[in-house]
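Numbered from 1 within each chain, the chains take letters A, B, ... in sequence-line order. Please read these numbers as outputs of a predicted model, since none were measured by experiment.
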Amino acid sequence: MNRLTFACLAALALAAGPAAAQDPNQARNLAATCANCHGTNGHAVPGAGMAAIAGQPKETIVQRLQEFRAGKREATVMHQIAKGYTDAQVELLAAWFAAQK
Amino acid sequence: MLNRRDFLKAAGGCAGIVTLGGCAGSVDSRSKAGGHVVVVGGGYGGATAAKYLRMWSKGSVEVTLVERNREFISCPISNLVVAGERTLADITVSYDGLKKWGVRVIHDDVVGIDADKRRIRLATHGELAYDRAVLSPGIAFLWDQVPALNNADAQTKILHAWKAGPQTVALRKQLAEMKDGGVYALTVPKAPYRCPPGPYERASVIAHYFKTHKPKSKVLILDANEDVVSKKGLFVKAWQELYKGIVEYRPNSELRDVDVANRTAILEFDKVRADVLNVVPPHRAGDLVAQSGAKLANNRWAEVDWLSMESINVKGIHVLGDSTLSAPLMPKSGFMANQHGKVAAAAILNLLAGEAPNPEPMMTNTCYSFVDAKNVIHVASVHRYDAEKRTMLVVPGASGVSAARNELEGTYAAGWAKNIWADMLT
């Protein structure tokens, strides 16, 4: 995915988001659904074999999730889990994890 | 007696520790909430709620966790202890990590809940006043449905091992002492019950133990359900390919009672004698939930508002985990309880700040099951709130199972355990 497509997707995601109803902490809340496997705030336990998402570039996270969703990236579980999140939610998640130190 | 003021005094010391721990970040409006939340039950649901309330409120909400046991012992992975592949120490985690978050941990039993006055009475630590209470007591067994087991002595002979701890170790001992050529029989209650794939995982890993150590022995699954409840195709394939002649599966075999002395399962039309008889009785929400006055569906499971996990009839009481009347296709799993804990924590912080709960909660679930010492199968699903039906529903397309049992997921299952224990307890 190039930068322009990415920007378009991001714009779409924003446009598609609910107008006023969204909880201001929704990115945090969504990220907590990943923490069971990937660690609190994306800080996976070192050496436990799970991908640490905290601090990964936003574009990388978006791309991975889109590839899982499209079946373009091999996975055991993530091709199923990734289908549960909308484009807008993927954007929120990716931005949130990217911002974690 | 411990009232709110005493608690705040006692908690003052903790606040300093949290600050030193590096949690003194910027304070947003949500972290000004304040208040005292009492969490009862430090399992997958309660421990998670306690930690996330402290973490997300940046220490501004006081949290007391009441937990009977001194240490957390995990049900997930406990079947590997039963099979001799892990020790109890491998699935035991300290509560000290929660103390570092400023959670006040009290090891005690709850003897009463007054939801009108918002007070919880403890056996030896007096009373706790709360603004909101989170009940995550797990399950209670319906012993009256297995009359001969309705006494403490019988329960030390015919084990359930469906709550991890001494029972897990005792079942391991029974299996280790069983002669080669013996029969291990496991009774499965009608769904819904805790951990849908759990009985079949247990049967599989015990079959693995027999195959490698006592090859003349048998595993007999006496299932009250009409078919394998979870991951059917993958379990049946494992039994056919790995444990032919070892595992026998009998559907529609509901347990009526047991003959304790003869280790015999009494079914409607049959009696089955075993060398090791393992009875998982039917269960319901932990007793605490009924004590709170929370409405139970079918006298068993708490009905909750999925936006907040609050009881539908008792204000200020939030119920998590296996105790809840599950949403459609939502398993009673530790993973799910952890997700309940986070939805409850987020909602409680909003409510304490005078705002509505998040209108769009999401939950995921992945249940890994071992079919031998290394190979694992999973079932996964993503659930989102449906405003019209007012429940959590699986997102269409976002669910599935493993293509086949595999060792890679065996490493992920072990990694999952390490991560979720850290997510809830450190």
| Going by atom types alone, do Tyr52(B) and Trp101(B) pair a side-chain donor with an acceptor below 3.5 Å? |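 Side chains of Tyr52(B) and Trp101(B): no pair found under 3.5 Å.
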| Does the side chain of Thr33(A) pick up a donor-acceptor pair with the side chain of Tyr85(A) at under 3.5 Å? |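 Yes, side-chain donor-acceptor contact under 3.5 Å.
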| chain A neighbours within residues 387-395 of chain B, where any heavy atom lies under 4.5 Å away |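 Only Val395(B) of residues 387-395 of chain B have a heavy atom under 4.5 Å from chain A.
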| query | Using a heavy-atom distance cut-off of less than 4.5 Å, which residues of residues 378-385 of chain B contact chain A? | reply | His378(B), Ala380(B), Ser381(B), Val382(B)
Please table the atom pairs, donor to acceptor, closer than 3.5 Å between any side-chain atom in residues 93-101 of chain A and protein atoms at least two apart or in another chain.
{"unit_1": "Gln100(A)", "atom_1": "NE2", "unit_2": "Trp96(A)", "atom_2": "O", "d": "3.2"}

| Of Thr426(B), Leu65(B), Val39(B), which is the lone residue that meets side-chain contact (heavy atoms from CB on, under 4.5 Å) with Leu98(B)? |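 Per the side-chain contact (heavy atoms from CB on, under 4.5 Å) rule, the option paired with Leu98(B) is Leu65(B), out of Thr426(B), Leu65(B), Val39(B).
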Looking only at atom types and distance, does a side-chain atom of [X] sit under 3.5 Å from a main-chain N or O of [Y], one as donor and one as acceptor?
X         : Y         : result
Arg194(B) : Ser333(B) : no
Asn419(B) : His38(A)  : no
Gln26(A)  : Glu360(B) : yes

Only pairs of heavy atoms separated by less than 4.5 Å count here; which of [options] has the most with chain A?
options                                    : result
Asn365(B), Thr48(B), Val401(B)             : Val401(B)
Met424(B), Gln339(B), Met363(B)            : Gln339(B)
Asn358(B), Asn406(B), Val343(B), Thr364(B) : Asn358(B)

| Between Ala404(B) and Leu234(B), which heavy-atom pair has the shortest distance, and what is it? |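 Ala404(B) and Leu234(B) have their closest heavy atoms at CA-CD2, 3.9 Å.
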| Can you name the closest pair of heavy atoms from Phe68(A) and Ala82(A) and give their distance? |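 So the two residues come closest at CB-CB, 3.7 Å.
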| Would you say the ring centroid of Trp416(B) lies under 6.0 angstrom from that of Tyr412(B)? | no
| said: Just so I know, are the side chains of Phe235(B) and Ser369(B) near enough to count as touching, which here means a heavy-atom distance under 4.5 Å? | reply: yes
Regarding [X] and [Y], does a basic nitrogen lie under 4.0 Å from an acidic carboxylate oxygen?
X         : Y         : result
Asp423(B) : Lys342(B) : yes
Asp90(B)  : Lys418(B) : no
Glu67(A)  : Arg73(A)  : yes
Glu201(B) : Lys231(B) : no

| query | chain B contacts: which residues in residues 48-56 of chain A have a non-hydrogen atom closer than 4.5 Å to it? | reply | Ala48(A), Gly49(A), Met50(A)
| Part of Thr366(B) within contact of chain A (heavy atom distance under 4.5 Å) |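 When you check distances to chain A, only side chain atoms of Thr366(B) fall under 4.5 Å.
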| Quick one: what part of Ile81(A) sits under 4.5 Å from any heavy atom of chain B, side chain, backbone, both or neither? | both
| Heavy-atom proximity to chain B below 4.5 Å, by part of His79(A) | neither
